[in-house]
Amino acid sequence: MPELPEVETIVRDIAPRLEGRHIQFAEVYSPLVLRNNKGSLSEALAGRKIVTVGRHGKHVLLHLDRGVLVIHLGMTGKLLFNTEPTRHTRAIFSLDDSTLVYDDIRMFGSLEWSAALPERIDRLGPEPFSITDTEFAAALRKHRTSIKALILNQKLIRGVGNIYTDEALWRAQIHPKTSASRIRKERALRLLNAITSVLNEAIEHRGSSVSDYVDAEGRKGGFQLRHNVYGREGKPCPRCETPIRRIVVAQRGTHYCPKCQRA
DNA sequence: ATCTATTCCTGGCTGC
DNA sequence: TGCAGCCAGGAATAGA
């Protein structure tokens, strides 16, 4: 499940292999992964030059000489170079000197060409590294929903998903069901630090491979070995040895230490 | 306006 | 061994 660190890893890897190249042609095998270009994505992309490659939250952006290709990897999306198509290959992009293959088992991901960054993506919250302590604390006080649900909401900050939310809440010692509005300045600051530090460490380790995440070369990340709570139900908390508990918050599997993270 | 529940999708796992 | 049934979850959407 690619979140910010996984997408950042992919973008850093693929940027030098894409920038300056042209999309000679694109082929779509599963229109389900298209958003608003049903039937016209290939035409929009044919002959376009890839100028720069970037990341916006969990989105990969290919800035073209005309418009932008927005790629969201969803749960199981992969961008791979020069692999043979499989039954999960949803699209291919034939470039000057390589072929970029988009695989996506569950098809929660999406491909979208747009003349400019689509509004709904442009309107997402800031990168976690950009928001200030004051802004973050003020935003928390405005919402009565659980802190877990609020961090997952891409309109607050963009790029953080289920894994890194659980990891950050463990680091900050905050119970996932805590009402966001009840988190005052000091704890909010601790939480924002936890979020940015866990994201940075995950980037250093090339992301987490818990189910089937791999980078553009098919390599797994290494940060899953450093998870403290995610996917560790019943195992001892690294801080206090209490067994990690798994509950459901905001319709998501949620892992926390019942002793370190009191309600 | 804010929040919650539902929907999409398929491989992998569980239990009979 | 086979297979039905359930689960994982990002984000759009519908509903409260």
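None of the values given here were measured: they were computed from a predicted structure. Throughout, protein chains are lettered first and strands after them, A, B, ... in sequence-line order, and every chain is numbered starting at 1.
Look at Phe108(A) and the base of dG9(C); the rings stack, centres closer than 5.5 Å and planes less than 30° apart.
Ring orientation note: the planes of His59(A) and His72(A) are nearly perpendicular, at an angle over 60° on the 30°/60° scale.
The CE atom of Met107(A) sits 9 Å away from the P atom of dG11(B) (whole-angstrom rounding). Across the protein-nucleic acid pair, Leu152(A) atom CG and dT4(B) atom P stand 12 Å apart, rounded to whole Å. Regarding Lys148(A), its NZ atom lies at a distance of 8 Å from the P atom of dG9(C), rounded to whole Å. Going from atom CG of Asp104(A) over to atom P of dA11(C) covers 13 Å, rounded to whole Å. Across the protein-nucleic acid pair, His56(A) atom NE2 and dG10(C) atom P stand 17 Å apart, rounded to whole Å. At whole-Å resolution of the value, NE2 in His255(A) and C1' in dG9(C) are 12 Å apart. Put simply, CZ on Arg106(A) is 18 Å from P on dT7(B), counting in whole angstrom units. As rounded to whole Å, 16 Å separates atom P of dC7(C) from atom CE of Met1(A).
Heavy atoms of Arg87(A) sit under 4.0 angstrom from primed sugar atoms or phosphate atoms, though from no base atom. Contacts of Glu3(A) with the nucleic acid, taken as non-hydrogen atoms under 4.0 Å apart, are absent. Contact annotation for Arg246(A): backbone-only contact, meaning every heavy-atom pair under 4.0 Å involves sugar-phosphate atoms and none involves a base. As judged by a 4.0 angstrom heavy-atom cut-off over every strand, Gly253(A) is placed among residues touching the sugar-phosphate backbone only.
On a pure distance criterion of 3.5 Å, a polar donor-acceptor pair joins the side chain of Arg252(A) and the base of dG10(C). Side-chain atoms of Arg120(A) stay outside donor-acceptor range of the base of dA12(C), with no qualifying N/O pair under 3.5 Å.
The shortest distance between side-chain heavy atoms of Leu4(A) and Glu127(A) falls below 4.5 Å.
Checking the phosphate oxygens (OP1, OP2) of dA11(C), a side-chain nitrogen or oxygen of His72(A) falls inside 4.0 Å. Contact between the side-chain N/O atoms of Thr145(A) and the OP1/OP2 oxygens of dT4(B) is found at a separation under 4.0 Å. In terms of phosphate contacts, Lys155(A) brings no side-chain nitrogen or oxygen within less than 4.0 Å of OP1 or OP2 of dT2(B). Between dT6(B) and Gln251(A), no contact under 4.0 Å exists linking OP1 or OP2 to a side-chain N or O. Contact annotation: Tyr230(A) reaches the phosphate of dG9(C) (side-chain N/O to OP1 or OP2, under 4.0 Å).
Among Tyr230(A), Tyr213(A), Tyr164(A), the single residue meeting the side-chain hydrogen bond (donor to acceptor under 3.5 Å, both in side chains) criterion with Ser208(A) is Tyr164(A).
For the atom pair CG of Leu169(A) and CD1 of Ile147(A), the computed distance is 6.5 Å after rounding to the nearest 0.5 Å.
Donor-acceptor pairing under 3.5 Å is recorded for the side chains of Thr89(A) and Asp103(A). Residues Thr76(A) and Asp104(A) have side chains that bring a donor and an acceptor to within less than 3.5 angstrom of each other.
When the nearest nucleotides of DNA chain B are assigned to Ala149(A) and His88(A) by heavy-atom distance, the more 5′-ward of the two goes with Ala149(A).
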